[in-house]
Every structure is written in C-alpha cells, then in structure tokens.
Enquirer: 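This is the structure, below, for whatever I ask next.
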Amino acid sequence: MAAITGSANEKVFQIRAWGGLNENPDGDTKLKMGEAAVIRNFRITRDGNLQRRPGSREIAALLPEGAEAVPVRGIWNGNVGGVEQLVAACGGKLWKLWDNETGAFIREEIGDIDTGREIHFFGFSDALYMVNGVEYKVWDGQTLSDVVGYRPLVTIAVPPAGGGETLEQVNKLTGERRCWFSPDGKGTVFQLPEKGLLSLDYVKDLATGEEFAPDSYTADISAGTVTFTQAPAMGTNTIEAGWTMGENFREQVLKMRWGELYAGTQDTRIFLYGDGSNRAIYSGLDYDGKPRADYFPDLNEVAVGDANTPITGLIRHYSRLSCFKSDSAWTIEYGTVTLADGAQTEAFYVTPVNRAIGNAAPGQVRLVLNSPRTLHGSDLYEWKNYSAYSANLTHDERQAKRISDRIYATLRQFELKNCVCFDDNWAQEYYICQGGRALVHNYAADAWYYYEDFDAVCMANFRGELLYGTSDGRMMHFSTDYLSNDGRAIDAYWESGSMSFGQDFQRKYSAMLWVGVKPESSAEVEVTVQTDRSSRYTEKVVTSSLANFAHVNYAKYSYATNRKPQMSRLKIKAKKYKLIFRTTAADSTVTILAADVRVRFTGYAK
C-alpha cells in the first residue's frame with residue numbers, strides 16, 4: 001500500500017505495506033510500490049512488514065561423525081501410545097528427538113528402518129506406521145517392527161464336508177487364514193477352504209480358547225483336511241483352525257510409498273499408493289468392525305484412469321478423496337454396491353475432475369486453507385470449487401486456479417518432481433523446497449518470498465516451532481531467535497521495481513528518504529538505490545537496536561530502550577530509482593515497517 005502527500009511539484013510517496021515478490025513478465029516497471037522485483041532471504045510478516053528471515057540452529061546430528069552424508073528421510077510428530085512424540089528417519093535408523101520429561105531435544109535410537117528413499121509416516125490406532133516402498137513398519141511407542149498382517153476369518157459355520165459361509169477376504173500382507181468349524185457330532189474329517197497348505201498352524205476350542213493337543217488330530221496339508229481321533233461334540237462355530245498358504249501378495253503393499261486416511265466422513269481406512277501404477281489399495285475392517293492398518297483385503301483396490309500414468313497424490317478433501325495423477329485430477333467417493341446375492345458392501349467410486357492438469361511432485365499434494373495445492377508443468381495450482389451448492393471438486397476446469405504467476409521465473413528453475421512441499425499452518429506459510437532453495441507463500445498476507453541456503457528436505461511443525469531435516473543428516477530448528485544459519489551469515493536482499501512514481505512523462509529528483517525500522521536487539525539494514533544513471537549509490541546504514549545482552553556485539557551496542565518505531569532520514573540524491581535493502585551480518589536482523597520517498601518533479605522528459 002502506498003500513500004502520496006505533497007504539492008504538485010513535490011510529493012512524498014509512502015510505503016506502508018510490503019507486497020512480496022512479483023516477477024512480472026513484462027518487466028519491473030509495472031510493480032506496485034512495496035512489491036519486490038528481487039527478494040532473497042527477506043520475508044513478509046502477517047502485518048505486511050519486511051523482515052529478514054529467521055535463522056536456524058542444529059538440534060540433532062543423526063549421523064555418526066565422519067559418516068557419509070545422507071539426507072533425513074522423514075520427520076513426524078503426534079501421539080503414540082498416548083504420549084506426544086517427535087521422530088525422524090535417517091542413516092538406516094528411526095530416531096526419537098524429544099524427551100517429554102525434560103522438555104528438551106534428544107537423539108535416541110528407536111530401531112532399524114530402510115532409509116534409501118523418502119519415508120511416509122501416518123498415525124493410526126494409537127501407533128505410528130511407516131511406508132517407504134520396500135518396508136511397512138509400525139512403532140507402538142516401545143517396539144519398532146514389521147507389520148505382520150491380520151489373520152482373516154475367511155469362512156464360518158464350516159461343516160465337516162467343507163463349505164460354510166464366506167466372511168472375510170484374504171489379506172494381501174500375509175498367507176495366514178482361519179475358519180470356524182461347526183461339528184455335527186459324527187464326522188471326524190473336516191475339509192478346510194483351501195488345499196495345498198504351507199502349514200497347519202493350530203486348532204483350538206473357541207469356548208475355552210485352548211489349543212487341541214497335537215495327538216488329538218492329524219493334518220493333511222496337501223488335501224487341506226483335519227482329522228480328529230474322536231468326533232468333536234455338535235455345535236456351531238465351536239472350533240477354529242488356522243493355516244498358512246505359501247503364496248501371498250505382501251509385495252503389493254510393500255511397494256507403496258505414500259498413504260492417506262479416508263472412508264467417507266471418517267478416517268477409518270488407509271489408502272496406499274505410489275508403486276508407479278494407477279492403483280491405490282485400501283485397508284479393511286475386521287469381522288468385529290474394527291479398523292485395521294494390518295489388513296488389506298485382496299479386492300480392496302481402486303484403479304484411477306488409464307494404466308499409463310501413475311497416481312502421484314491423494315488427499316482427503318471434505319467428504320471425498322481428491323486423487324491426482326501426473327496429468328489429470330479425479331475424486332474418489334465412498335458409497336455402497338449390491339452384490340449378486342443381494343448383500344450390500346462398501347465401494348469407492350471414481351469421478352474425473354480435470355483431464356489436463358494434475359500433480360508432478362509425488363506425495364507432495366498439500367491442503368492449504370482446506371484447498372489442495374499441486375505442482376504441474378512449471379506452475380502451482382490451487383483447487384477450489386467456487387459454486388454455492390457444493391465445496392467438493394467437480395468436473396470443471398475453472399477449479400484449477402494457477403497461483404504462481406508472481407513467481408513464475410524462479411519456480412520454473414525448480415525440478416518439480418523433486419520438490420518437497422509443506423504447509424506450516426501455525427505461521428500460515430506454504431513452502432516449496434528443492435536444492436537448498438525455497439519459495440514461500442505467506443497466505444495470510446498473500447505474499448511470496450524466496451530463501452537461499454535453506455537445505456530443507458523434510459519439515460514438521462512441533463509445538464508451533466518449525467523443524468526441518470537437511471540433505472546431510474541434521475535436524476534444524478528454524479526460528480527468529482537465531483540471527484544466523486547455524487553460524488553462517490544470512491545474506492538478505494530486497495529490491496523494488498523501477499519506480500516511476502506514477503508519472504512516466506516527467507523528470508524526477510529525489511534527495512530524501514525515510515526508513516522506519518522496528519526497535520529490536522541488533523536491528524540493522526543497509527539502504528541504497530539504483531538508477532538509470534548508476535547501478536549503485538552510497539550505502540546508508542540504518543540501525544534501531546535495544547539494550548539486550550542476548551546477542552551482544554559491542555561494536556554496535558546501544559543503550560536505547562525506546563521500543564517505539566523510529567524513522568531514519570537518509571540523503572540519497574538520485575533520479576528514477578530502485579530502492580534496495582540489504583543485510584549480510586551474522587549477528588543482526590531487521591524488520592522494516594515503512595519507507596517514505598520525497599520526489600520533486602522538475603519538468604517533462606525529453
């Protein structure tokens with residue numbers, strides 16, 4: 001926002017709110033006052049002030065000293081076993097990073113996990129589950145182990161001759177099954193639902209829960225029969241037999257790399273995707289109706305669109321599951337279907353939304369203010385239904401709104417398929433990170449900015465504080481409490497557009513500039529300009545420091561205690577110029593509140 005005061009020949013142009021980065025394709029002469037043609041390591045606060053970005057400090061090194069540098073593959077925080085936990089994966093290990101008793105960051109090994117690729121975490125049934133394309137792990141707060149798989153009850157009321165009533169589907173994760181026998185009081189030979197078993201694991205009495213003695217029956221694993229020495233007493237579902245088949249489909253689950261919770265209006269099923277196909281598999285409920293993360297029924301699959309393009313993102317959006325492929329968008333909706341025998345069962349229906357725009361960064365779809373955001377082509381899209389009758393996405397190309405026009409030149413330099421995206425809902429900032437760089441959208445102020453020397457490969461918000469893992473195996477705390485990047489100076493730079501002050505046809509002269517800086521410990525900024533005559537003018541230093549021993553630099557020490565914003569007057573004689581702010585010190589920060597430029601109009605341009 002800019003205000004103009006003064007006479008016809010001399011005016012004061014005031015910048016009261018800063019607008020962030022705007023890489024206008026037609027040049028920087030069209031920018032509004034307060035917008036940046038170039039911004040590096042400055043941010044826009046929620047109140048619209050220009051502030052040097054926060055610094056960072058290492059809180060944990062997850063690799064042994066001298067070990068080869070490898071990235072942190074994932075970070076997660078939430079409740080496990082009723083206790084708040086913060087964990088990260090790096091160097092083939094899962095690490096615990098927070099001690100609830102001392103309230104301090106720690107580095108404690110939990111167990112082994114494959115960290116060859118990104119690890120996706122999700123909480124379910126008071127435990128933490130992990131998928132990475134080769135493993136499926138679970139941590140209950142005490143033990144880290146492989147997810148073995150639930151043994152489904154495939155048939156019940158099975159008479160000695162076999163048959164019975166089908167109940168649960170087989171589980172992709174395991175070859176283990178079970179059934180319930182209903183003896184007739186006469187038969188001794190019972191036929192299992194399957195033949196060619198790998199093993200018969202047990203036979204037990206359901207009334208007592210105790211297993212039958214090994215000498216009370218024999219098993220023929222080839223024929224799939226159990227023969228009792230004495231006919232069991234008549235009853236319905238009184239005996240349970242458990243067996244294992246040699247073939248299972250566990251690899252189909254282990255190949256999945258990402259997941260999302262969804263089941264219509266509740267998050268009771270886990271949808272896994274990311275094996276490079278157009279399929280997603282989802283978990284089931286056991287016969288008691290309990291949601292399970294270790295049960296993936298054989299028929300619980302959803303195929304989305306053609307088989308030539310993979311699913312790259314799933315995210316729950318209102319009562320539907322938004323599904324993105326590399327070149328299209330879809331929704332998955334919960335429903336029911338009637339089978340041939342008249343029984344009803346749950347089903348998930350796929351509906352197309354957009355046939356041209358999808359998501360290029362696998363697993364990086366994020367929900368920002370309850371609207372999905374995806375990277376596609378060289379752009380960032382926000383998906384929103386603007387109709388009054390429904391908030392769910394429908395088949396309407398207008399719902400994919402491109403919101404990256406102001407950062408197009410920088411975003412096109414990012415490898416979108418390798419980007420890491422994160423929504424810091426606490427600070428209302430959305431991050432696109434890749435190669436030690438980040439584009440950040442402050443959606444509270446609707447401003448973009450650009451960070452360098454920001455090596456974030458995974459991120460999490462823990463108790464309102466932003467944490468990130470680096471490409472060399474370190475965990476960092478990102479905060480305004482730090483004035484440097486773990487000791488490295490933060491080179492912050494802001495450059496305005498070529499300001500014509502609203503009258504391109506006139507010559508202008510400015511000899512006076514006022515800059516308002518927030519008083520804080522070690523506040524300092526260099527101010528200069530560029531014009532059509534010179535690329536650099538004399539730098540003026542503006543300081544506004546308070547008495548504080550937290551970050552003492554006695555060369556710049558101040559006894560000032562007035563916390564009210566102060567305006568500093570600078571004399572910089574120039575015509576038609578760009579305004580530039582810069583700070584490179586490792587022991588200072590700055591928050592710029594306002595800038596006023598006095599301009600004198602001296603005649604018509606020739």
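Numbers for residues simply follow the sequence, beginning at 1.
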Enquirer: Test of understanding: with side chain to side chain donor-acceptor pair (under 3.5 Å), list the residues that count as partners of D126, not counting sequence neighbours.
Expert: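 None.
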
Enquirer: Please test Y334 against F348 for ring pair (Phe, Tyr, Trp, His ring centres under 6.0 Å), starting from the C-alpha separation and ending with a verdict.
Expert: CA-CA 5 Å; Y334 173 84; F348 292 91; 5.6 Å; yes

Enquirer: Assess whether side chain to side chain contact (heavy atoms under 4.5 Å, CB included) is satisfied between Y150 and E176, documenting all intermediate values.
Expert: CA-CA 8 Å; Y150 164 71; E176 297 179 348; over 6 Å; no

Enquirer: Other residues, nucleotides and ligands only: do more than 12 of their heavy atoms fall within 6.0 Å of CZ on R117?
Expert: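 Yes, enclosed.
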
Enquirer: Verify whether the ring centers belonging to W180 and Y287 lie closer than 6.0 Å.
Expert: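 So the answer is yes for these two rings.
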
Enquirer: Assess the residue pair Y468 and F422 against the criterion (ring pair (Phe, Tyr, Trp, His ring centres under 6.0 Å)); give the C-alpha distance rounded to whole Å, side-chain angles, the decisive distance to 0.1 Å, and a yes or no.
Expert: CA-CA 10 Å; Y468 67 88; F422 179 73; over 10 Å; no

Enquirer: I'd like to check L393 versus R320 (side-chain heavy atoms, cut-off strictly below 4.5 Å). Are they in contact?
Expert: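 A side-chain contact under 4.5 Å is absent here.
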
Enquirer: Measure the CG-CD1 distance between D99 and I106 for me, rounded to the nearest 0.5 Å.
Expert: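 Spacing of CG (D99) from CD1 (I106) equals 4.5 Å.
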
Enquirer: Set out, in order, the CA-CA distance, both residues' side-chain angles and the distance that settles salt bridge (charged side-chain N to carboxylate O under 4.0 Å, His left out) for E109 and K93, then state yes or no.
Expert: CA-CA 7 Å; E109 182 181 331; K93 303 289 184 182; 3.1 Å; yes

Enquirer: Partners of T410 by side chain to side chain donor-acceptor pair (under 3.5 Å), sequence neighbours excluded?
Expert: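 Scan of T410 (side chain to side chain donor-acceptor pair (under 3.5 Å), adjacent residues dropped) gives E23.
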
Enquirer: Evaluate D446 against R406 for salt bridge (charged side-chain N to carboxylate O under 4.0 Å, His left out), listing each step before the verdict.
Expert: CA-CA 11 Å; D446 190 23; R406 286 175 286 171; 2.8 Å; yes

Enquirer: W76: what forms a side chain to side chain donor-acceptor pair (under 3.5 Å) with it, not counting sequence neighbours?
Expert: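 W76 satisfies side chain to side chain donor-acceptor pair (under 3.5 Å) with no other residue.
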
Enquirer: If you measure from CG on L261 to CZ on F124, what distance do you get to the nearest 0.5 Å?
Expert: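 It is 6.5 Å, given to the nearest 0.5 Å.
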
Enquirer: Scan V72, D486, L466, D455 and name whichever one has a side chain to side chain contact (heavy atoms under 4.5 Å, CB included) with M476.
Expert: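 Option passing the side chain to side chain contact (heavy atoms under 4.5 Å, CB included) with M476: D486.
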
Enquirer: Should we say atom CD of E165 is surrounded by more than 12 heavy atoms from elsewhere, each under 6.0 Å from it?
Expert: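 No, CD of E165 has 12 or fewer neighbouring heavy atoms, counting only those of other groups under 6.0 Å.
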
Enquirer: With ring centroids as reference points, do Y129 and F121 lie under 6.0 angstrom apart?
Expert: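 Ring-ring flag for Y129/F121: false, centres at least 6.0 Å apart.
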
Enquirer: Run the numbers on Y443 and R373 for side chain to side chain contact (heavy atoms under 4.5 Å, CB included), then give the verdict.
Expert: CA-CA 12 Å; Y443 46 88; R373 289 189 177 184; 4.2 Å; yes

Enquirer: Verify whether the ring centers belonging to F478 and F454 lie closer than 6.0 Å.
Expert: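 Yes, the ring centres sit under 6.0 Å apart.
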
Enquirer: Can you find a pair of side-chain heavy atoms, one from C421 and one from Y431, that are under 4.5 Å apart?
Expert: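 Heavy-atom side-chain distance check fails, nothing below 4.5 Å.
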
Enquirer: Enumerate the residue pairs fulfilling ring-ring contact (aromatic ring centres under 6.0 Å, His included) with a member in residues 352-385, sequence neighbours excluded, ordered by first and then second residue.
Expert: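 Applying ring-ring contact (aromatic ring centres under 6.0 Å, His included) to every pair that reaches into residues 352-385, excluding sequence neighbours, yields F324-W383.
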
Enquirer: Pair up each side-chain donor or acceptor in residues 79-86 with any protein partner under 3.5 Å, not counting sequence neighbours, and list the distances.
Expert:
unit_1	atom_1	unit_2	atom_2	d
N79	OD1	E84	N	3.4
E84	OE1	R463	NE	3.0
E84	OE1	R463	NH2	2.6

Enquirer: Assess whether salt bridge (charged side-chain N to carboxylate O under 4.0 Å, His left out) is satisfied between D294 and R292, documenting all intermediate values.
Expert: CA-CA 5 Å; D294 58 353; R292 305 194 66 105; 2.9 Å; yes

Enquirer: Any donor and acceptor pair, going by atom type alone, linking the side chain of N237 with main-chain N or O of A157 inside 3.5 Å?
Expert: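 At least one qualifying donor-acceptor pair exists.
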
Enquirer: If only atom types and distance count, is the side chain of E168 paired as donor or acceptor with the main-chain N or O of V154 below 3.5 Å?
Expert: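 Absent.
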
Enquirer: Is the shortest side-chain heavy-atom distance between C90 and L63 below 4.5 Å?
Expert: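 Yes. Closest side-chain heavy atoms under 4.5 Å.
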
Enquirer: Given side chains that start at C-beta, do those of N485 and R53 come closer than 4.5 Å, heavy atoms only?
Expert: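 The answer is yes, as the side chains (C-beta and beyond) meet within the 4.5 Å cut-off.
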
Enquirer: Are the side chains of R250 and L254 in contact, using a 4.5 Å heavy-atom criterion?
Expert: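 Heavy-atom side-chain distance check passes, below 4.5 Å.
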
Enquirer: Heavy-atom distance under 4.5 Å between the side chains of E301 and K172, does that happen here?
Expert: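 Sidechains of K172 and E301: in contact.
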
Enquirer: Run the salt bridge (charged side-chain N to carboxylate O under 4.0 Å, His left out) check on E58 and R474 step by step: do they pass?
Expert: CA-CA 7 Å; E58 180 183 302; R474 297 180 299 146; 3.5 Å; yes

Enquirer: Tell me every residue that passes side chain to side chain donor-acceptor pair (under 3.5 Å) with Q142, counting only those two or more places apart in sequence or in another chain.
Expert: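 Testing Q142 for side chain to side chain donor-acceptor pair (under 3.5 Å), a comparison that skips the adjacent residues, returns none.
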
Enquirer: Mark yes or no: R279 above the aromatic ring of Y273, with NZ or CZ under 6.0 Å from the six-membered ring centre and no more than 45 degrees from the axis.
Expert: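 No cation-pi geometry.
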
